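To keep things clear, I will list the structure first and then write my remarks on it.
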Amino acid sequence: MSFLFPVNPATLGKPSGYNNGMMAPAGASALEIAGQVAWDNAHRIVTKDFVGQWDQTLRNFLDVVKHAGGGPEHVAEMTIFIIDKQSYLDNTKKLGEVWRALMGKNYPAMACVVVAGLVEEGAQVEIKGTAYLPGKGRS
């Protein structure tokens, strides 16, 4: 059973690989995750490979969620920024394999945006988002 509840109006058709909206139960605490890129703890981009960057970026994003006490099932929303639409389209199968390995069958509300560039030199992918954690938060 999922912690979050998908919101998919029939008027929008059936989504594939995402949900149109995600609703958290009462009492959940919001975690805003800053834009993460494919770097290591010394802030060095780990690879020039698009799929490798997708993998590391998603791992870094989920590390923030994990550190707050959550998991992939708590991620409600993601915005994915990419600099090369064709690299994304050419690698959808491999990107899906990485997604399922790290996120399982969890599909938050998502947007993928093609941008002219990212602030971090060499970064091809950046992910930001929101997670909702049960019984968490600061008083």
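A quick note: this is a predicted structure, and the numbers were derived from the prediction, not measured.
Looking at heavy atoms from C-beta onward, Ile83 lies in side-chain contact with Leu118 at the 4.5 angstrom threshold. Inter-residue side-chain proximity for Ile80 and Val113 is flagged as unmet; no heavy-atom pair is nearer than 4.5 Å. Using a 4.5 Å heavy-atom threshold, the side chains of Glu73 and Leu4 count as separate. Side-chain contact check for Val114 versus Phe81: every heavy-atom pair is 4.5 Å or farther apart. Between Val65 and Pro72 there is no side-chain heavy-atom pair separated by less than 4.5 Å. Contact check for His74 versus Phe3: side-chain heavy atoms found under the 4.5 Å cut-off. Counting only heavy atoms from C-beta outward, the side chains of Lys128 and Ile33 never approach each other to under 4.5 Å. Tyr132 places none of its side-chain heavy atoms less than 4.5 Å from the side chain of Leu31.
If you take NZ on Lys105 and CH2 on Trp99, they are separated by 14.5 Å, rounding to the nearest 0.5 Å. Interatomic distance, Phe61 CZ to Leu102 CG, rounded to the nearest 0.5 Å: 12.0 Å. Between the CD atom in Gln36 and the CD atom in Glu120 there is a gap of 10.5 Å [rounded to 0.5 Å]. One distance of note links CG of Asn91 with CD of Glu97; it measures 10.5 Å at 0.5 Å rounding.
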CA sep, side-chain torsions, deciding dist, call: Gln124, Ile82, side-chain contact (heavy atoms from CB on, under 4.5 Å)
CA-CA 6 Å; Gln124 299 178 57; Ile82 58 173; over 6 Å; no
Is there a side-chain contact (heavy atoms from CB on, under 4.5 Å) between Tyr18 and Met78? Walk through the geometry before answering.
CA-CA 10 Å; Tyr18 67 96; Met78 294 174 128; over 6 Å; no
Is there a salt bridge (charged side-chain N to carboxylate O under 4.0 Å, His left out) between Asp55 and Arg59 once you walk through the steps?
CA-CA 6 Å; Asp55 182 284; Arg59 287 177 189 279; 2.6 Å; yes
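A donor-acceptor distance shorter than 3.5 angstrom exists from the side chain of Arg100 to the backbone of Gly96, with no hydrogens or angles considered. For Asn20 (side chain) and Val7 (main-chain N/O), no donor-acceptor pair under 3.5 Å exists by modelled atom type.
For the side chain to side chain contact (heavy atoms under 4.5 Å, CB included) with Val75, the qualifying choice from Asn106, Ile127, Leu62 is Leu62, the only one to do so.
Taking each heavy atom of Gly52 and Thr47 in turn, the nearest pair found is C-CG2, 3.5 Å. Residues Gly21 and Ala109 approach most closely at CA-CB, 4.1 Å, considering heavy atoms.
If you check the side chains of Thr130 and Glu32, you find a donor sitting under 3.5 Å from an acceptor. For the residue pair Asp49 / Gln53, no side-chain donor-acceptor distance below 3.5 Å is found, with atom types taken as modelled.
Residues Val51 and Trp39 are members of separate hydrophobic clusters, defined by side-chain heavy-atom contacts under 4.5 angstrom among Ile, Leu, Val, Met, Phe, Trp and Tyr. If you chain together hydrophobic residues whose side chains sit under 4.5 Å apart, Ile45 and Tyr88 never meet in one group. A continuous path of Ile, Leu, Val, Met, Phe, Trp and Tyr side chains, each step under 4.5 Å between heavy atoms, connects Met103 with Val125, placing both in one hydrophobic cluster.
With sequence neighbours excluded, the residues forming a side-chain contact (heavy atoms from CB on, under 4.5 Å) with Asn19 are Pro6, Asn8, Pro15, Met22, Tyr107, listed by chain and number. Taking His67 as the reference, nothing meets the ring pair (Phe, Tyr, Trp, His ring centres under 6.0 Å) condition, with sequence neighbours excluded.
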